[in-house]
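First up is the structure itself, then whatever we jot down about it.
Residue numbers start at 1 and run along the sequence shown.
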Amino acid sequence: MGNKDLKKEIARLEEEIAELKRRWPAHSVKAEMVERLEELEEKLECLRRLEEREL
(Lines give C-alpha, C1' and ligand atoms only; values in the text may rest on other atoms or scores of the structure.)
Protein backbone atom coordinates (compact mmCIF):
# COMPACT_ATOMS: atom_id res chain seq x y z
CA MET A 1 0.00 0.00 0.00
CA GLY A 2 1.48 3.33 -1.03
CA ASN A 3 1.88 6.21 1.40
CA LYS A 4 -0.85 8.20 -0.37
CA ASP A 5 -3.30 5.29 -0.20
CA LEU A 6 -2.36 4.68 3.42
CA LYS A 7 -3.14 8.29 4.34
CA LYS A 8 -6.48 8.12 2.50
CA GLU A 9 -7.47 4.93 4.32
CA ILE A 10 -6.43 6.40 7.69
CA ALA A 11 -8.53 9.51 6.99
CA ARG A 12 -11.49 7.34 5.94
CA LEU A 13 -11.28 5.26 9.12
CA GLU A 14 -10.98 8.38 11.28
CA GLU A 15 -14.09 9.82 9.64
CA GLU A 16 -16.01 6.56 10.06
CA ILE A 17 -15.06 6.44 13.76
CA ALA A 18 -16.14 10.07 14.20
CA GLU A 19 -19.47 9.37 12.49
CA LEU A 20 -20.07 6.32 14.68
CA LYS A 21 -19.33 8.36 17.81
CA ARG A 22 -21.75 11.10 16.67
CA ARG A 23 -24.51 8.47 16.50
CA TRP A 24 -23.48 6.93 19.85
CA PRO A 25 -26.48 6.98 22.24
CA ALA A 26 -26.06 8.26 25.78
CA HIS A 27 -27.49 5.01 27.15
CA SER A 28 -28.01 1.44 26.03
CA VAL A 29 -25.33 1.19 23.38
CA LYS A 30 -25.90 -1.80 21.11
CA ALA A 31 -23.23 -4.48 21.12
CA GLU A 32 -22.89 -4.15 17.34
CA MET A 33 -21.85 -0.51 17.69
CA VAL A 34 -19.23 -1.35 20.31
CA GLU A 35 -17.88 -4.17 18.15
CA ARG A 36 -17.75 -1.92 15.08
CA LEU A 37 -15.90 0.80 16.99
CA GLU A 38 -13.36 -1.70 18.30
CA GLU A 39 -12.86 -3.13 14.80
CA LEU A 40 -12.34 0.32 13.27
CA GLU A 41 -9.94 1.39 16.02
CA GLU A 42 -7.87 -1.79 15.59
CA LYS A 43 -7.62 -1.24 11.83
CA LEU A 44 -6.67 2.39 12.37
CA GLU A 45 -3.97 1.46 14.87
CA CYS A 46 -2.50 -1.09 12.46
CA LEU A 47 -2.45 1.40 9.60
CA ARG A 48 -0.81 4.05 11.76
CA ARG A 49 1.92 1.58 12.76
CA LEU A 50 2.42 0.70 9.11
CA GLU A 51 2.61 4.39 8.20
CA GLU A 52 5.30 4.94 10.85
CA ARG A 53 7.39 2.12 9.39
CA GLU A 54 7.12 3.59 5.90
CA LEU A 55 8.35 7.03 6.97
Under the salt bridge (Lys or Arg N to Asp or Glu O under 4.0 Å) test against Arg36, which residue among Glu38, Glu32, Glu39 passes? Glu39
Could you give the distance from CG (Leu6) to CZ (Arg53), rounded to the nearest 0.5 Å? 10.5 Å
Just verifying a value: how many Å separate Asp5 CG and Leu47 CG, rounded to the nearest 0.5 Å? 11.0 Å
When rounded to the nearest 0.5 Å, the distance separating CD of Glu35 from CG of Leu40 is 12.0 Å
Quick test of your reading of the model: are Arg48 and Glu52 salt-bridged, counting only N-O distances below 4.0 Å? no
Side chain to side chain donor-acceptor pair (under 3.5 Å) partners for Glu42, two or more places apart: none
Rounding to 0.5 Å, atoms CG (Leu44) and CZ (Arg49) come to a distance of 10.5 Å
Expected list for residues 20-31: side-chain donor-acceptor pairs under 3.5 angstrom, two or more places apart:
{"from": "Arg22", "atom 1": "NE", "to": "Glu19", "atom 2": "OE1", "distance (Å)": "3.3"}
{"from": "Arg22", "atom 1": "NH2", "to": "Glu15", "atom 2": "OE2", "distance (Å)": "2.8"}
{"from": "Arg22", "atom 1": "NH2", "to": "Glu19", "atom 2": "OE1", "distance (Å)": "3.0"}

One should read off an interatomic distance between Glu9 CD and Glu14 CD, to the nearest 0.5 angstrom, of 10.5 Å
